[in-house]
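Before any comments, here is the structure.
Both backbone and side-chain heavy atoms feed into the values below; hydrogens, waters and symmetry mates do not. Chain letters run A, B, ... following the sequence lines, proteins first and then strands; every chain starts at 1. Just so it is clear, the structure is predicted and the values come from calculations on it, not from any experiment.
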Amino acid sequence: MAAILEAHDLAKRYRLGATTVDALRGVSLAVDEGEFVALMGPSGSGKSTLLQLLGGLDRPTAGEVVLQGEMISQLSDDAATKLRRDRTGFVFQSFNLIPLLDVTENVALPFTISGADTSKGEISERIRDVIALVELAGKERHKPDQLSAGEQQRVAIARALVTRPALLFADEPTGNLDYTTGTEILEALWRSCVERHQTVVLVTHDSKAAAYADRVLVISDGRIRDEIVLGRRSEHDTGPLVSRLAELGL
Amino acid sequence: MGGLSSLAIRSLAARRGRTGLSVVGIALGVAVLYASLATDAGIAASIGRTVRHLVGRADLRVESFGPVGLSAESLAAIDAAPGVAVAAPALQRRTYLPPAENDASAAPAPVTVLGIEPGPEASVRDLVLAGGVPLSGPDASEALISATLAAANGTALGDTITLPKLGGDEAPVDLTVVGIVAGDGPILGSAGRTVILPLHTMQRLFDDATVSRVDIVAGEGASPAEVSTAIGVALTSQPYVISTPASVADSLRSSSADFRSTTALIAAVALFVGAFLIFNTLSMTVSERVRELGLLRAAGATRRQLVGFVVVQAIVLGILGGLLGLVAGFVLAELMAADLRSIASIPFERVDPSLGSIVAVVAIGLGVTVAAAIEPARRASSIPPVEALRDRIDPTTARRARLAWLVGVFVVVGIAGLLTWPRDAGFAGLARSGLVYLVLFGAVLTAPFVLGALGRLAGLPFRGVLRVEERLARASIVRDRSRTTLTVGALAIGLAMVVAIGGVAHQSRLAASVWLDEVIPGDELVTSIRPIALDEDVIGQLAAIDGVARVSPFAVFEVARNGVRMDAAAVVGGDMLADGRLRFIDGDRTAALNDLDKGGVAVLPRSIAERTGLTVGSTLTLAVGEGKVADLRVAGVTERTLPGGVGEAVLVGWPDATAVFGVAGADVLAVRYVPGKAAEARPVLEEAARTAALEPNPLETVAGAVDTALAQVFGLFDALALVAVVVAALGIVNTLTVSVLERVRELGVLRAAGMTRDQVRRTVVVEAGILGIVGSVLGIVTGLIAGAILVLLAGGGPLILDLPWLSIAAALVLGIGISMAASWYPARLASRLAIVAAVQHE
């Protein structure tokens with residue numbers, strides 16, 4: 001399968017006053033279309049930084065990111081914005097729903113930003129479909145404060161999926177959720193891969209979340225330490241992952 | 001912008017309180033602007049009406065200069081001048097109507113008498129009659145009276161009106177009322193008590209062959225300028241003044257220039273403070289919504305779209321504020337008109353500004369709001385999309401407002417002020433106001449640097465009693481310096497205007513009381529509507545009253561030096577010397593005052609001496625007509641002298657006043673009582689004065705009248721300046737509310753640790769109190785500087801070093817009081833936070 005996303009020797013350096021911090025040091029990876037990849041590592045390992053670079057939210061200090069054959073790492077702000085609107089979707093740890101908007105309006109946000117009419121036609125149908133995908137049918141008019149944490153995160157996933165992005169990036173999507181709700185979210189993400197051939201890149205420190213992935217890239221100290229291939233599984237047993245992590249001393 | 005404009009508007013609607021406060025803030029600024037424009041339009045219309053009333057259809061008016069009227073020779077010269085089609089002479093004097101026979105104890109009532117030639121007068125102006133017929137000729141024993149006078153006296157057509165005959169012991173003259181002039185009649189300032197006589201009849205009555213003025217209509221093909229030149233050639237026997245309708249209007253406009261420029265300045269300040277409110281509110285909104293704005297960026301919103309997001313909110317606020325401001329402005333204009341009617345020297349009727357002006361006012365409100373939104377919008381657009389990924393918002397990345405952007409707001413409001421500045425208020429007023437505006441803005445830019453020190457000082461009063469609350473309050477204040485600066489700055493500007501206006505009023509009162517204390521040689525001023533000759537019995541009669549030490553006559557009249565009009569006053573030098581008045585700064589006091597009574601000398605006030613460069617020993621040359629001049633030796637220079645029409649008066653002795661300048665008599669008698677005998681002597685003197693048709697005025701009454709007049713004008717300015725303070729208070733409500741919302745978790749933890757609701761409430765109130773003290777101190781210092789600028793540049797005389805303590809105290813009380821009142825809602829909000837929800841708050 002062709003790689004939809006590639007990174008070559010990515011590095012990111014931050015200046016904090018007189019000190020410099022190398023958050024990433026020469027990371028290279030490739031993600032195939034339809035693949036579910038997890039970036040896993042402890043806090044401060046550089047996984048979130050890597051996600052930001054892969055998603056075009058930030059620019060690397062060195063190296064390049066290629067998405068669908070196009071180098072995106074040095075795009076202008078407007079071009080990067082267009083990329084985020086049309087070809088990527090993001091799910092955040094803190095849901096980040098707009099409190100004033102209901103479920104349908106939050107899901108439709110990317111189309112609203114682009115000025116499209118979300119009330120009819122193919123776009124309206126797509127919004128309905130993706131709300132059904134995350135099992136929130138019947139709650140279209142609910143505001144975020146009328147939803148549980150899990151439901152809010154599912155709305156966020158629906159928003160990320162509605163534009164049928166080439167890639168969906170999820171940064172610790174279960175970080176603020178309990179075990180059961182977190183499982184629901186991960187199931188939703190996994191279903192999008194299976195049913196819609198969605199490519200997902202998940203950042204997590206939790207092995208239970210990483211166990212949903214087809215492949216886990218272990219990041220430590222700004223580098224990819226190891227690659228653990230789990231394959232596409234209907235049961236997301238953490239055993240093989242945990243064993244390998246133990247071997248790595250993590 | 002796409003669909004984000006809908007989200008922007010919904011965001012405004014979701015925060016109704018804050019949106020409402022912002023709309024009201026802009027509305028108040030627009031209201032003051034509208035009221036200022038409406039008042040200006042009203043004044044312009046009133047001036048136009050007054051000029052038409054005064055000058056009628058005349059192209060020129062020739063008036064006598066000095067106390068002597070235009071002679072028959074001058075009148076003939078004017079009549080014969082080329083280009084003069086109609087010359088309508090008129091004589092105007094004041095006299096008394098004798099009391100009725102059945103009420104001999106009543107005081108004589110003053111009236112203004114106007115003598116006209118009916119034929120030429122009808123060519124110049126229309127005398128609208130409510131009844132009867134016009135005067136039949138210049139010699140008839142007839143009179144027209146105003147309807148107001150007719151109603152007051154119960155006089156009807158065909159009745160007789162009796163007027164005293166001046167000169168000699170002849171009996172009063174009866175005249176038949178043949179017509180009643182509508183309303184108050186044609187003379188302004190007569191309070192409607194007007195009698196119109198045939199000219200020659202009046203001249204006989206007053207034993208005066210001169211006329212006060214001649215109104216001229218230019219003939220076909222002759223321009224007013226050509227006629228004016230011709231008259232200048234023909235009229236050489238005595239000094240005169242030629243004016244046109246335009247110059248009369250200019251004179252009236254210049255007398256109202258200070259008032260109009262002050263209201264325009266206050267309008268600009270109110271708008272500026274409103275802009276502050278918007279700047280602060282939108283800045284706080286951006287800071288609060290960093291994550292949401294980061295999400296929008298992450299979801300594909302461009303920087304331009306986020307700029308538009310904030311600007312749309314500003315446009316909505318500006319339009320709503322502008323429309324509400326129009327309504328409020330209409331009400332404010334009505335209130336100002338009511339006030340002006342009672343204090344204006346010309347009849348004032350409110351006029352609504354034109355449609356164009358209304359549109360301009362709304363557009364200015366909108367423009368100022370959008371200008372204030374630019375920096376917050378720019379900051380919103382610079383929020384990077386990674387902010388959406390952060391677990392907690394880093395306070396430093398919320399990016400505080402850059403106060404330098406206030407310069408842009410300042411410039412926009414300044415331009416708006418220039419566009420709406422009353423064009424004919426003069427450049428001097430504009431320059432003065434511009435300088436004050438700069439000083440106010442300078443105060444805002446200074447605020448960040450003094451905030452820390454002033455905040456610590458301001459906390460001192462609270463520290464002793466409310467130590468914990470004071471500590472927390474100060475920490476909150478410095479959490480976001482730019483927000484605090486904007487809040488305090490707005491309050492300081494509003495209070496600075498209050499103090500500046502108070503300072504100008506105080507200086508005016510001081511100048512008036514200094515004049516009364518240092519110049520007037522009397523405890524009471526007895527005024528006369530006709531000149532009292534120095535040999536008249538009445539002066540001796542008043543002086544003979546037991547308890548009266550001295551009765552000193554003086555008169556103010558016009559003179560000219562090098563073609564420039566000046567005021568002169570005839571005084572008795574000996575009386576001034578005996579009374580100990582006049583502070584000499586050059587020259588021998590005794591010699592100078594004694595020499596005044598001998599004639600040939602003058603005493604100058606410092607203001608005239610500095611302006612003309614004359615010193616003791618110099619020669620003051622004044623025009624006396626027929627090409628002649630009078631040379632007076634300058635015998636002394638005093639700190640100040642009597643006020644005249646355009647400035648302070650040159651003092652001359654009575655011998656010069658009567659023999660050289662033709663002054664007929666005194667306008668005022670200054671009465672000094674023997675110490676300890678005033679209580680007995682005053683009622684006797686006042687009774688005697690009224691019997692002689694004179695008006696007694698104790699100095700306290702004169703001072704009180706001055707105070708009342710000043711209070712009316714400055715009270716209006718204070719009320720307008722208070723609008724800016726109210727807008728600043730709205731900003732404080734906003735700031736404190738957001739401050740509470742930012743600290744919800746912190747307050748929750750404090751409550752969980754044992755802090756009571758009252759302590760939490762007091763923390764917010766103390767924060768408001770500290771803001772109020774800082775704003776007041778900054779406002780007071782700025783206001784004193786601004787007030788000094790207004791006084792010094794207005795040329796009203798030297799600055800008297802005396803602080804307006806009342807205004808300073810008022811500003812302090814107002815600043816602290818209004819701040820603490822504004823804290824009511826935020827304090828309540830803070831004290832009612834549920835602990836559990838608060839500690840879980842993100």
Side-chain angles (χ1 to χ4, degrees), chain A residues 12 43 48-49 51-53 55-59 76-102 105-119 143-144 156 159-160 162-163 165 169-173 175-176 203, chain B residues 1-16 18-19 285-286 288-310 312-313 316 378 380-394 396-397 741 745 837 840-842:
Chain A
K12 182 69 182 180
S43 179
S48 289
T49 304
L51 185 96
Q52 291 164 20
L53 298 181
L57 293 177
D58 201 358
R59 287 185 184 180
S76 67
D77 184 77
D78 277 353
T81 303
K82 198 168 184 312
L83 172 87
R84 288 194 298 275
R85 191 163 61 209
D86 299 337
R87 293 199 270 163
T88 61
F90 290 90
V91 178
F92 307 101
Q93 180 174 346
S94 52
F95 323 149
N96 281 347
L97 300 185
I98 307 281
L100 283 177
L101 306 178
D102 61 27
E105 289 167 328
N106 264 292
V107 170
L109 188 63
F111 292 118
T112 305
I113 288 171
S114 65
D117 184 355
T118 61
S119 62
K143 292 271 171 59
R159 180 181 62 202
V162 75
T163 56
F169 295 96
D171 185 10
E172 305 270 15
N176 285 347
V203 161
Chain B
M1 260 287 295
L4 287 187
S5 50
S6 164
L7 179 60
I9 294 168
R10 286 169 67 176
S11 297
L12 280 180
R15 287 179 166 84
R16 269 191 286 266
R18 190 185 300 180
T19 298
T285 302
V286 168
E288 280 178 337
R289 306 177 67 165
V290 166
R291 188 181 285 163
E292 196 173 308
L293 294 169
L295 162 70
L296 289 173
R297 289 280 282 137
T302 62
R303 289 185 198 276
R304 205 171 306 122
Q305 282 181 299
L306 287 200
V307 167
F309 183 85
V310 177
V312 160
Q313 294 190 330
V316 171
R378 190 202 57 80
S381 74
S382 69
I383 291 172
V386 294
E387 289 298 330
L389 287 168
R390 295 200 198 285
D391 182 32
R392 289 185 196 290
I393 295 169
D394 181 353
T396 59
T397 63
L741 293 175
R745 184 179 287 191
Q840 291 173 347
H841 180 79
E842 283 200 27

| query | Between B/Gln305 and B/Thr302, is there a donor-acceptor pair closer than 3.5 Å when you use the side chain of the first and the backbone of the second? | reply |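 Confirmed, B/Gln305 side chain pairs with B/Thr302 backbone.
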
Contact part of [X] toward chain B, heavy-atom cut-off under 4.5 Å: side chain, backbone, both or neither?
{"X": "A/Glu172", "result": "neither"}
{"X": "A/Leu83", "result": "neither"}
{"X": "A/Leu109", "result": "side chain"}

| message | Between A/Thr81 and B/Arg297, is there a side-chain donor-acceptor contact under 3.5 Å, judged purely by atom types and distance? | response |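 Yes, A/Thr81 and B/Arg297 have a side-chain donor paired with an acceptor closer than 3.5 Å.
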
| query | Of all residues at least two apart in sequence or in a different chain, which pass the side-chain contact (heavy atoms from CB on, under 4.5 Å) check with A/Asp86? | reply |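 In terms of side-chain contact (heavy atoms from CB on, under 4.5 Å), with neighbours along the sequence ignored, A/Asp86 is linked to A/Lys82.
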
| With sequence neighbours left out, what residues match A/Ala108 under side-chain contact (heavy atoms from CB on, under 4.5 Å)? |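 side-chain contact (heavy atoms from CB on, under 4.5 Å) check on A/Ala108 returns A/Thr112, A/Thr118, A/Ile127.
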
| Choice from A/Asp58, A/Thr88, A/Leu97, A/Ile98 maximising heavy atom contacts with chain B below 4.5 Å | A/Ile98

